[in-house]
Amino acid sequence: MAEKQWNTVQMGAIEPHQRLQKLIADSQRVSIDPTMPINRYYRSGNQIVETADRSLREGNFEKAFTFYLRFVTIFVELILDHPGYKSVLPGDKQQTKDKIKKILPRAEEIRKKLLAKYTTEYEIYLKQIKLQAERDEQDRKQASTSNPVEPATVSPAAPAAPTPSAPSQVSLISDEDAKLMDKVMYPSDFLSDRNHASGLPGTGLLLPGADKRFDRSLKPQPVPPMVPAMTGFRSIVVPTNTMMKFLEQAAQNTTANLETCAILAGSLAQAKFTITHVIFPKQCGTADSCNTMNEEEIAVVQDRHNLITLGWIHTHPSQTAFLSSVDLHTHCSYQLMLEEAIAIVCSPKYQETGFFNLTPFGMDSISQCRQTGFHPHSSGQPLFSEAQHIVLSDAVAVKVIDLR
């Protein structure tokens, strides 16, 4: 209880409107990868809404608000600039617009509840500050009364401490500014398509081409495995035969020192995901990259088996298991659509298997990075960690679908 109260006091120290605006800014600070097939975003967008709906049912208003705004930002603003936008079927666009019409009023109701909650916590914080100031003043008077000093030894009196108020880093705002800040800047043009000069279809790139090289000795380091599990993630059941089945199909490429990649797909039941299929798209690999092609075939397979995308798996034929800078960007697009999405990296040479996901810092950093190819990222905080929400199981067996 004490810890919960302390957290409330900490967060309550921020002026309510500014606290809400920070949440809005963080929610809308996302990006999409123009090299990622656009149908992957449309197919996986439902997962963002599903996460928001679940959070709303559980009473987690901040998370629900974050994911609703993320969906709106992606499918109202960002998706219009994707080079493959013109290739999206009219029916898919209309379904997305219908979702947005339902999401906007829902998000607005949550915004009002959050503002009320933040206002209450801020008032509690100010009362606690006032009470503390009164206690400090009372203690000072009692100390002065119980410990009188001789007049000859009295030092010049120090000025009385001012009554503490709101933290100095919080600037109080006027009522007029508050009314303006209350207005969430939802994009308003989602009902009209914009014309773009570039109407090229998506490239289907999963990793950059063979002309890019990177010294994997400069690889970023994941968070150590003893890091506590990330809260709020639903578990993903990974059949123990997943890696073996994948490596069997990748053996020829591995021998030739070529990367192989595949999609992890499965289902959601009883609040947990289960990987049931490993789908190999048509692809062309090099020693440190893998280009996928004809991803629309994956969509057909997933529709046929009623599967959702849960992440991806790929080999490092001659290196250890980790996420390179390009891998980080690739996985960011998966985790943006499904926060539990995982990346499995198999290193046959070193007999390593890594189960990874981006950290919150990594998601924020990578989603804002505009560089392509292999490049360094900030080393201030870990960008990825070993996934703490996976469950290896012998009770289920994965199936392989090879479209190559």
Side-chain angles (χ1 to χ4, degrees), residues 23-56 61-111 183-205 268 295-296 298-299 302-303 308-311 329-341 358 363-364 366-370:
L23 179 63
I24 292 172
D26 291 343
S27 302
Q28 294 177 327
R29 197 164 66 230
V30 296
S31 64
I32 62 174
D33 185 350
T35 67
M36 200 63 62
I38 196 168
N39 60 10
R40 184 178 299 172
Y41 286 103
Y42 274 89
R43 287 185 55 79
S44 302
N46 290 337
Q47 294 303 313
I48 298 180
V49 177
E50 193 275 334
T51 298
D53 291 343
R54 177 175 62 90
S55 300
L56 183 59
F61 294 141
E62 288 177 328
K63 187 173 181 180
F65 191 64
T66 294
F67 277 83
Y68 282 138
L69 283 194
R70 179 180 296 181
F71 182 87
V72 172
T73 301
I74 291 174
F75 289 99
V76 171
E77 294 185 20
L78 304 181
I79 205 70
L80 301 177
D81 293 313
H82 192 288
Y85 181 70
K86 288 186 177 180
S87 67
V88 179
L89 297 175
D92 291 338
K93 291 181 180 179
Q94 187 59 50
Q95 287 180 5
T96 301
K97 291 175 182 177
D98 292 342
K99 282 190 177 70
I100 293 171
K101 285 183 179 179
K102 295 178 181 179
I103 287 174
L104 289 178
R106 195 176 304 167
E108 178 60 19
E109 286 301 313
I110 298 174
R111 185 198 66 80
K183 296 181 180 179
V184 180
M185 294 298 106
Y186 298 117
S188 59
D189 60 341
F190 68 89
L191 293 179
S192 60
D193 296 339
R194 298 207 308 257
N195 293 322
H196 295 273
S198 173
L200 299 176
T203 61
L205 286 178
L268 171 63
E295 283 217 4
E296 63 276 4
I298 297 178
Q302 288 185 290
D303 287 341
I308 58 178
T309 302
L310 300 176
H329 280 267
T330 300
H331 190 63
C332 184
S333 65
Y334 284 98
Q335 202 167 324
L336 183 68
M337 310 306 283
L338 178 68
E339 60 179 348
E340 291 92 349
L358 298 188
M363 283 295 294
D364 185 61
I366 301 301
S367 66
Q368 298 307 304
C369 178
R370 297 296 181 265

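We number each residue from 1, following the sequence as shown. As the structure is a prediction and not an experimental result, all values here were calculated from the model.
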Colleague: Backbone N or O of Leu358 within a donor-acceptor pair of the Gln335 side chain at under 3.5 Å?
Modeller: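 Yes; at least one donor-acceptor contact below 3.5 Å.
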Colleague: To the nearest 0.5 Å, what is the distance between CG on Leu338 and OG1 on Thr309?
Modeller: 8.5 Å
Colleague: Arg70 versus Ile74: any side-chain heavy-atom pair under 4.5 Å?
Modeller: yes
Colleague: OH of Tyr334 to CG of Leu310: how many Å apart, nearest 0.5 Å?
Modeller: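 Result: 11.0 Å between the selected atoms.
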Colleague: If you look at every heavy atom in Ile38 and Ser87, which pair is closest and at what distance?
Modeller: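 Closest approach of Ile38 to Ser87: CG2-OG, 4.1 Å.
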Colleague: Taking all heavy atoms of Ser31 and all of Leu336, pick out the closest pair and write down the distance.
Modeller: O-CD2, 3.3 Å
Colleague: Enter the distance from Thr51:OG1 to Met337:CE here, rounded to the nearest 0.5 Å.
Modeller: 10.5 Å
Colleague: As an exercise, state the distance from CD1 of Ile32 to CD1 of Ile79, rounded to the nearest 0.5 Å.
Modeller: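 If I round to the nearest 0.5 Å, the distance is 4.0 Å.
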Colleague: Taking the side chain as everything from C-beta on, heavy atoms only, tell me whether Val76 gets closer than 4.5 Å to Phe71.
Modeller: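 The answer is no, as the side chains (C-beta and beyond) never meet within the 4.5 Å cut-off.
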Colleague: So which heavy atom on Ala64 is nearest to which on Ser55, and how close?
Modeller: N-CB, 3.7 Å
Colleague: Using side chain to side chain donor-acceptor pair (under 3.5 Å) as the criterion, list what pairs up with Glu50, not counting sequence neighbours.
Modeller: Arg234
Colleague: Out of curiosity, Glu340 CD to Leu268 CG, how far, rounded to the nearest 0.5 Å?
Modeller: 8.5 Å
Colleague: Which heavy atom in Val88 sits nearest to a heavy atom in Asp92, and how many Å separate them?
Modeller: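 For Val88 versus Asp92, the nearest heavy atoms are CG1-CB, 3.8 Å.
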Colleague: Any side-chain heavy atom of Phe61 within less than 4.5 Å of one from Leu56?
Modeller: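 A side-chain contact under 4.5 Å exists here.
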Colleague: Of all the heavy-atom pairs spanning Ser333 and Arg40, show the shortest one and how long it is.
Modeller: OG-NH1, 4.4 Å
Colleague: Using the six-membered ring of Tyr85, assess whether NZ or CZ of Lys93 lies under 6.0 Å from its centre and within 45 degrees of the ring axis.
Modeller: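 So Lys93 does make the cation-pi contact.
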Colleague: Under 6.0 Å between the ring centres of Tyr41 and Phe75?
Modeller: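 Not close enough - the centres of the two rings lie 6.0 Å or further apart.
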Colleague: Do any N or O atoms from the side chain of His331 and from the backbone of Gly311 form a donor-acceptor pair under 3.5 angstrom?
Modeller: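 Not a single qualifying donor-acceptor pair exists.
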Colleague: Using side chain to side chain donor-acceptor pair (under 3.5 Å) as the criterion, list what pairs up with Glu339, not counting sequence neighbours.
Modeller: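 Only Lys63 meet the side chain to side chain donor-acceptor pair (under 3.5 Å) criterion with Glu339.
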Colleague: So how far is it from Gln28 CD to Leu23 CG, rounded to the nearest 0.5 Å?
Modeller: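 Here the rounded value is 9.5 Å.
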Colleague: Might you point out which heavy atoms bring Asp303 and Arg43 nearest each other, and give the distance in Å?
Modeller: OD1-NH1, 2.8 Å
Colleague: Decide, yes or no, whether a salt bridge links Arg106 with Glu109 under the criterion of side-chain N to carboxylate O below 4.0 Å.
Modeller: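 Result for this pair is no, no salt bridge flagged.
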